[in-house]
Amino acid sequence: MFAKKFVNQKFLLNEILSKNVQKFINTQKLATNPYNKSCLQISRRHLNSTPLSSVLSPEQLATSGAAPSTTSTSAPVDVMAEDVPEFPGSRSKWTETLRFILPEHFEGIPVYRVMNRKGIVIEPSEDPNLSQDMVTKIYKGMTILNSMDRVLYESQRQGRISFYMTNYGEEGTHFGSAAAINDDDLVFGQYREAGVLMWRGFKLDKFMAQCYGNCDDLEKGRQMPVHYGSRDHYFVSISSPLATQMPQAVGAAYALKREAKGRCVICYFGEGAASEGDAQAALNFAATLNAPIIFFCRNNGYAISTPTHEQYRGDGIASRGPAFGIPSVRVDGNDVLAVYNATRQARSICVDESRPVLIEAMTYRIGHHSTSDDSSAYRSVDEVKQWHQKDHPISRTRKYMEHKNWWNEEMEKSWKEEAKRQVMSAFTNAEKQLKPNWMDMFTDVYHEMPDNLTEQMEELRKHLDLYKEHYPINNFKQ
Ligand SMILES: Cc1ncc(C[n+]2csc(CCOP(=O)(O)OP(=O)(O)O)c2C)c(N)n1
């Protein structure tokens, strides 16, 4: 036992020593570059503890690229080529013209579209030729999400639920992207992506249960409404702090890469969230770790009351991708076919080449930010109306289907009734359910409940025994 441990330690020591030797060689390669002087000083300090002469022979030292010794008679080797910069931190040519790169030098990245606002495919070779069943499923999904939004929005206005966020105008980004990936690809969302979960078969009852925080809620009523999550649907639970899901999603993508089963991650976020530090960390980690992740930005023009011109001065979010070394594309988010094509291709790049991809879907937030917001305070009602009437993903998809003779007024009417019936039935069912047992407030803080938490739970139990008439205890499961 002892011998084995000793051998292991010796092996570890050799590993550390050989790593230090490699570091020494690398640092000496940088020696002639004054820019790297500070790095070198740090590395030298680091090396002071390692007796290099004991691991490298003088001959090895001489050929290792070490700085020429003052006593050496051999001529220094010029490792720098004449006309190409050799800086390890960039790949570029020399220039003798002093010129700052101005953002104005670049045209905006174009917006990829497949169909125009009349639902007509512009370039037939770009039509993904989705089957009638698939387009109908997408259309029905978008419309039923819209119905659910209306009911839950109203429900909040009446004080039946505490909070809600609608998805109005962004339905195309949800269904177009969700339909283009595999159902077991892992989703990390922000909060305005309910359609992705709906596409995967998360039932209306479950959406309602989460918003009502009733005993059917998978999250046991602990989070604010719209913070959905479902392990069965590979949809990681939403949390409120913006962009925190982004580096987490990269970590998950890296794990999927190691698992090597051809799965990837899709991570949704808004253009406002993209200003968070976590967004930069995520993009850079994903690029340097070659993580198979699709970053899907919903650029809907606003982050609550902040318009995009106060959010950034560059060319949106897509232009940041290449700076991180990430293939990037901008797409019309109100064109479900364009979103589908872009996401499908992104997935191939992601999985086949094991690298991240960035999609920026241009859209417009037709609804208020949330039920806590009145957007007429910072944008005109006419502006909203304009988008609602002239460029809505639902009406555009409907027009596409009508051109194909897949949909008509009669079908629309009967589907609307059916959708309303389904939503109202889930709604009345959710209202009837009890809230979870109050004890669920204490469970899952840790995997096992620590003693001090058990004590607190017992205190509450005694308190409720004494004062139960002051609590709505009958609304909770016993
Ligand atoms: C770290 C953090 N800062 C601020 C907030 C408050 N907040 C919630 S949503 C939001 C705007 C996000 O806008 P965007 O990312 O564009 O998404 P959208 O709401 O437009 O879909 C802000 C600032 C938060 N939740 N987390």
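Whatever order the structure lists ligands and atoms in, that order sets their numbers, starting from 1. The figures that follow rest on heavy atoms only: side chains count, while hydrogens, waters and symmetry mates do not.
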Sorted by chain and residue number, the salt bridge (charged side-chain N to carboxylate O under 4.0 Å, His left out) partners of Arg150 (sequence neighbours excluded) come out as none
Original post:
With a 4.0 Å cut-off, would you call Glu417 and Lys420 a salt bridge?
Top reply: no
Side chain to side chain contact (heavy atoms under 4.5 Å, CB included) test vs Met165 passes for just one of Pro225, Ser372, Ser370, namely Ser370
request  = Taking Arg355 for its side chain and Pro327 for its backbone only, find out whether a donor-acceptor pair lies under 3.5 Å.
outcome  = no
(request) Look at the side chain of Lys137 and the backbone N and O of Ala179, then say whether any donor-acceptor pair between them is shorter than 3.5 Å. (result) no
| query | Can you say whether the rings of Trp407 and Tyr139 are parallel (under 30°), tilted (30 to 60°) or perpendicular (over 60°)? | reply | perpendicular
Those residues with a heavy-atom separation under 4.0 Å from ligand 1 are Gln190, Tyr191, Arg192, Ser240, Pro241, Leu242, Gly270, Glu271, Gly272, Ala273, Glu276, Arg298, Asn300, Tyr302, Ala303, Ile304, His369
